[in-house]
Amino acid sequence: MININLTGKRALVTGGNSGIGEAVVDALSDAGADVAVNYISHPDAAGAVVERVKAKGSRSVAIQADVSDETQVAGMFEKMDSALGGIDILVNNAGIDGKAGRAWELDTAHWKRVLDINLTGAFLMSHEALRRMVGQRSGVIINMTSVHEMIPWSGYAAYTASKAGLSMMTKTLAQEAAPFGVRVLSVAPGAIKTPINKSVWSDPGGLADLNRKIPMGRMGERAEIAGMVAVLASNVASYATGSSIFIDGGMTDFADFSHGG
Ligand code: BGC
């Protein structure tokens, strides 16, 4: 019988108070997990997510920390250990698109900031999580990449490089951790309606242009990503590790060839 049951599992979702991360917290707790909600700003939003999890009878705690800061990451895991008693599922979701601009137009500090949060942040988190997971011989790490781990995107060199790097980090950590019963995966969303791309979907012209890039002809909803994260974190996916699962309405399926050729 298929049963996505995460009861008793202790999860931590970075950037869990908005966008896809928030939906992931909801999905993991729907499946019975206890979930810690990491956030960097908007504590009120984090508090509301925590209350929703608790209302389901699961444990939850909000933890403020910057994933790109090693000391804060160490502190976050100490809080996780004392609040939930350890970690079974880590979702590295926190990330930024950064400013749009061609390479020669942006300063190098911009490059560094995007890489620090999207890539180094996920590494620092995985470093702490794997120490615990390898020791207990179980655990799952899911890294939120993007279709842009594969599709180049003019104006977003730092973002695309961070996501491609994260994808390769996933594959390498998966090799390292597999003998210890730990799985590492990437989920690669397409265009999902969240605050990160509001400027595009709130503009009718921008939305029409975006929809043309998607064979299914529409943006995705956050729950359409979050549900798959819950599946991958569960034993239903016990043989899956090292791969990127694209959930993108066909965006990586050569959308232009939906018409003509
Ligand atoms: C970006 C979104 C974008 C989507 C598809 C995501 O990684 O964060 O802003 O809409 O890719 O291009």
Side-chain angles (χ1 to χ4, degrees), residues 13-25 38-42 45 67-68 91-103 105-106 110-122 142-170 185-229 232 243-258:
V13 181
T14 66
N17 66 339
S18 80
I20 292 173
E22 179 181 3
V24 168
V25 174
N38 158 256
Y39 69 100
I40 181 97
S41 58
H42 303 295
V67 296
S68 69
V91 182
N92 282 317
N93 165 81
I96 58 168
D97 270 6
K99 273 188 290 191
R102 291 171 293 186
E105 295 162 342
L106 297 175
H110 170 269
W111 167 273
K112 200 170 174 318
R113 182 170 141 72
V114 174
L115 270 289
D116 277 353
I117 295 170
N118 294 4
L119 183 56
T120 304
I142 295 171
N143 294 318
M144 202 60 69
T145 61
S146 162
V147 288
H148 297 295
E149 68 162 78
M150 191 175 123
I151 304 178
W153 191 12
S154 175
Y156 292 92
Y159 184 72
T160 54
S162 74
K163 295 300 187 179
L166 187 54
S167 166
M168 192 52 82
M169 187 185 93
T170 294
L185 290 152
S186 295
V187 165
I192 311 301
K193 218 171 185 180
T194 71
I196 214 172
N197 48 20
K198 186 161 193 270
S199 63
V200 177
W201 54 260
S202 56
D203 160 48
L207 181 60
D209 176 63
L210 179 57
N211 285 341
R212 264 196 302 277
K213 296 180 167 73
I214 310 167
M216 286 180 73
R218 66 168 177 89
M219 295 185 77
E221 297 297 329
R222 301 178 311 162
E224 294 179 291
I225 303 301
M228 185 61 93
V229 172
L232 293 172
S243 41
S244 288
I245 289 83
F246 286 81
I247 309 171
D248 63 359
M251 200 178 217
T252 46
D253 188 26
F254 294 94
D256 268 355
F257 283 80
S258 298

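First listed ligand is number 1; within each ligand, the first listed atom is number 1. Here the structure is a predicted model, which is why all the values come from computation and not from measurement.
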**Student:** At a 4.0 angstrom heavy-atom cut-off, what protein residues surround ligand 1?
**Tutor:**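 Within 4.0 Å of ligand 1, the protein residues are Asp97, Ser146, His148, Trp153, Tyr159, Gly190, Ala191, Ile196, Asn197, Met251.
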**Student:** Give me the atom names and distance for the closest heavy-atom approach of Ser146 to Phe246.
**Tutor:**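 Heavy-atom minimum between the residues: O-CE2, 4.2 Å.
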**Student:** OG1 of Thr160 to CG of Asp97: how many Å apart, nearest 0.5 Å?
**Tutor:** 10.5 Å
**Student:** Where does the angle between the aromatic ring planes of Trp153 and His148 fall among parallel (under 30°), tilted (30 to 60°) and perpendicular (over 60°)?
**Tutor:**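 The arrangement is parallel - the two ring planes meet at less than 30°.
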**Student:** Identify each donor-acceptor pair in which a side-chain atom of residues 200-210 lies under 3.5 Å from a protein atom, sequence neighbours left out, and give them as a table.
**Tutor:**
residue	atom	partner	partner atom	Å
Trp201	NE1	Thr194	O	3.0
Trp201	NE1	Asn197	OD1	2.9
Ser202	OG	Lys198	O	2.5
Asp203	OD2	Gly206	N	2.8
Asp209	OD2	Lys213	NZ	2.9

**Student:** Decide side-chain hydrogen bond (donor to acceptor under 3.5 Å, both in side chains) for Glu149 and Ser244; before the verdict, give the C-alpha distance in whole Å, the side-chain angles of both, and the deciding distance to 0.1 Å.
**Tutor:** CA-CA 9 Å; Glu149 68 162 78; Ser244 288; 2.9 Å; yes
**Student:** So, taking the atom named CG in Leu119 and the one named CG in Asn143, what distance separates them when rounded to the nearest 0.5 Å?
**Tutor:** 9.5 Å
